[in-house]
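On a predicted model such as this, the values are computed, not experimentally measured, just so you know. Throughout, numbering of the chain's residues begins at 1 and tracks the sequence.
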Amino acid sequence: MKFNDGKTFVDLSLRDKVQPYLHKEMSRDCPDRIVSLKEKCLGVIRSDSNLIARLLRDHDDSLSMMSSNPIFLKDLHLEQKAKYIDKEDFYKDQLKQLPSYAGKENGRVTLHGHSWKRMYMEEMFTTLLNNHTNEEDSVTLPFPIESFQDYIFTLELKNFSNFTLLDSTLPSLTNLTSLTLEYGNKRNTDLPLVTSIQQRNGRSLFGGGMQISDAQSLAHALKSLPHLCSLSLTNSQINDEIIFALFDELQSSHGDSPHDHAATTGSLSCLRDSLIDLDLSFNKIHKDGFYRIVQYFFPSSSPFVDHEDCSIEQDFKNQHPAAQQQQQEGRDHDLLVKLKLTGNDVGIEGARILRKILEKNTSLQELDVRLNDLKDEGGCIILEALHHNRTLKMLNMACNSLSTKSANSLCSLIGQGDGNNQNGELVLEILDLSCNMFADEDFTNIAAWVSSSSSSKSLGNLIELDLRGDCNSLSIKDAI
C-alpha cells in the first residue's frame, strides 16, 4: 500500500516495515478478527501529526478515507480537526454523533452562521464546559481553548456551576457575539462534586442564582468582549443589589481581577457600545435595579430630569451620585434595540421611567415588560409615551392588570394616529395586551376605534393587536 502526496513518498509495501503491525489484535465485536493492513496504515498516519496535516490539506480523498474509518477518528484531537479540516460535510456527519445534537433539525445551522464547522465547535465547547466541574483545578480547562476561540460566536450555558472557570474562559473568546447564561434552579445538584462547589461558593443546594461575586466576575469578563451583541441572563434570581454590582463594575475604568485580561492590556471595552439585545427575564428586578439598567444603556435619553411623579429619581441621585456623573459623561446616542424584562417587578415607577426613555430614545425597537405588575396606571403611562416615540415597533404588556385607563390611552393612540412619524402614522407594528382586565365597555370602545381607524387608514404600521385571554376579545377581531 502506498501513499504519495507529491512531496513525501510513504512506502508500506516492504515486509520489514509492515510486519510489526500484522500481529493479531483483539476486537470488541470479534475477538478473533485480524486487523486489516488499511487500518494499520491509518494508525501509522494518525500518530504523525505532520503527515496528517499534509494529507488533509493537499488531498480531498484523504479526508473521505480517514473519516470512513472510526479507528482513525477515535483519537484524532479536536485541535487537529479545527486546524486541518474545513469541509462542511465532515462536521455535519460529526454533529450527528453528538448527544446534544440528537433530535435537532438541520435548520438550526442557520443560528450558527450557516456553518456546520462553527456549529460543531460551539456544540463541543458548550458540552465540554458543562461537563467540566473539576473542583481542584477549577480555573484550568481540560482542553486547549485555542482550538475553539476562532469558531465560538454563540455560547449558551444553562447548566453550569463553575463560575471561576467562566471568569478565566470568556476573555479568550474575542469573537463572541451572543452569550446566554443561566444561574438559576436548573443546576444539576444530583452530582456530589457540583453540590460541593455550590456549598463552597455559598449557594443553596437548589440553585442560589447569581451572587454578587458572580456579577463582578461576569462584568470583568464582559469588558473583554468587544463584539458582544446579545446577552441573556434569565432565570438567575438577579435582584437590585446584584444589578448594581454588575453595572457598577461594568462602568469602572479598570478591573482588579487577575483574570481581567482587558484591564491588564488597556483594551477595556464598554458593553453599551456593542450590545443591542438584552434579556433579563424572570428575575427579581424592581424599580431601583431597573433605573440602574436604563441609566447605563440609555444615557442620551436623560433619565435624570426632574419630574414630579417620579419619586425614585431624587432618591436614586442621592444614593448613587457616581451613577449620575457617569450618565452625564455618557455618549450622545444609544444602541440597545431589544430589551426584555418579562417576569420582574418594575411596577408603576418603572413605567414612569420607561416614559422618559420612550419619549426621547431613538434606538429601542422591541420592549417586553410582561408580568411586571404595571397596573392600569403604568400601562396608561407607557401608552401615552408612544405619542412621542418614533422607533418602537414591538411592545408587550401582557399580564399586567391593565383596564379602563389603559384602554382609553390605547384608543387615543389609535384614533390620533400620531405615534409618531413624519406622516402622522403609528410606528408601532405589534402590540400585545393579552391576559389583562379590560371590561366589556373597554372592548367596545377599542373595537370602535380600531374599526374607525381601519377605514380611515390611520392605523399606520400596526399589523397585530393581541387581546387574547381578555373578556369579549372576539369583538376586536370582528371589528378588524
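- Checking side-chain atoms of Ser451 against main-chain N and O of Ala447 turns up no donor-acceptor pair under 3.5 Å.
- For Asn283, the side chain to side chain donor-acceptor pair (under 3.5 Å) criterion is met by no residue, not counting sequence neighbours.
- Across Ser236 and Tyr183, no two heavy atoms sit closer than the pair OG-N, 3.0 Å.
- Partners of Ser403 according to the side chain to side chain donor-acceptor pair (under 3.5 Å) rule, which considers only residues two or more places apart in sequence or in another chain, are Asp376.
- Proximity of Leu386 to Leu395: side-chain heavy atoms (C-beta onward) are separated by under 4.5 Å at one or more points.
- A donor-acceptor contact closer than 3.5 angstrom links the side chains of Lys223 and Ser252.
- Listed by chain and number, the residues in a side-chain contact (heavy atoms from CB on, under 4.5 Å) with Asp373 are Asp345, Lys375 (sequence neighbours excluded).
- Minimum heavy-atom separation, Leu218 to Leu179: CD1-CD2, 4.5 Å.
- Using a 4.0 Å cut-off between a side-chain N of Lys or Arg and a carboxylate O of Asp or Glu, Glu241 and Arg292 do not qualify as a salt bridge.
- In this structure, the side-chain contact (heavy atoms from CB on, under 4.5 Å) partners of Glu441, at least two apart in sequence or on a different chain, are Asn445.
- Leu228 and Ser178 make their closest contact through CD1-N, 3.8 Å (heavy atoms, listed as atom of the first residue, atom of the second, distance).
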Compile the donor-acceptor pairs under 3.5 Å between side chains in residues 148-155 and protein atoms, sequence neighbours left out, one pair per line.
from   : atom 1 : to     : atom 2 : distance (Å)
Tyr151 : OH     : Ala82  : O      : 3.1
Tyr151 : OH     : Lys117 : NZ     : 3.1
Thr154 : OG1    : Arg118 : NH2    : 3.2

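- Under the side chain to side chain donor-acceptor pair (under 3.5 Å) criterion, Thr342 pairs with Asp368, Arg370, sequence neighbours left out.
- With sequence neighbours left out, the salt bridge (Lys or Arg N to Asp or Glu O under 4.0 Å) criterion links Glu384 to no other residue.
- Contact of the Leu410 side chain with the Ile446 side chain is registered, since non-hydrogen atoms from C-beta on lie closer than 4.5 Å.
- Side-chain contact check for Leu278 versus Ile293: some heavy-atom pair is nearer than 4.5 Å.
- Minimum interatomic distance between Thr180 and Lys158 (heavy atoms only, all atoms of both residues): CG2-CE, 4.0 Å.
- A distance of 5.0 Å separates CD1 in Ile238 from CG in Leu233, rounded to the nearest 0.5 Å.
- In this structure a side-chain-to-backbone donor-acceptor pair under 3.5 Å is missing from Ser281 to Thr234.
- Among all heavy-atom pairs drawn from Asn344 and Leu280, the shortest one is ND2-O, 3.0 Å.
- Residues Glu429 and Gln365 have side chains not in contact (no heavy-atom distance under 4.5 Å, counting atoms from C-beta outward).
- By the 4.5 Å heavy-atom criterion applied to side chains, Met397 and Ser406 are not counted as neighbours.
- Side-chain atoms of Ser274 and His227, non-hydrogen and from C-beta on, never get closer than 4.5 Å to each other.
- Not counting sequence neighbours, Ser401 has no partner by the side chain to side chain donor-acceptor pair (under 3.5 Å) test.
- For Asp93, the side-chain contact (heavy atoms from CB on, under 4.5 Å) test picks out Lys96, with sequence neighbours left out.
- With sequence neighbours excluded, the residues that form a ring-ring contact (aromatic ring centres under 6.0 Å, His included) with Tyr91 are Tyr120.
- For Ala215, the side-chain contact (heavy atoms from CB on, under 4.5 Å) criterion is met by Met210, Ile242, Ala245, Leu246, not counting sequence neighbours.
- Within the 4.5 Å cutoff, the side chain of Val427 has no heavy atoms near those of the Asn389 side chain.
- Distance alone, capped at 3.5 Å, places no donor-acceptor pair between the Ser412 side chain and the Asn408 backbone.
- Listed by chain and number, the residues in a ring-ring contact (aromatic ring centres under 6.0 Å, His included) with Phe290 amount to none (sequence neighbours excluded).
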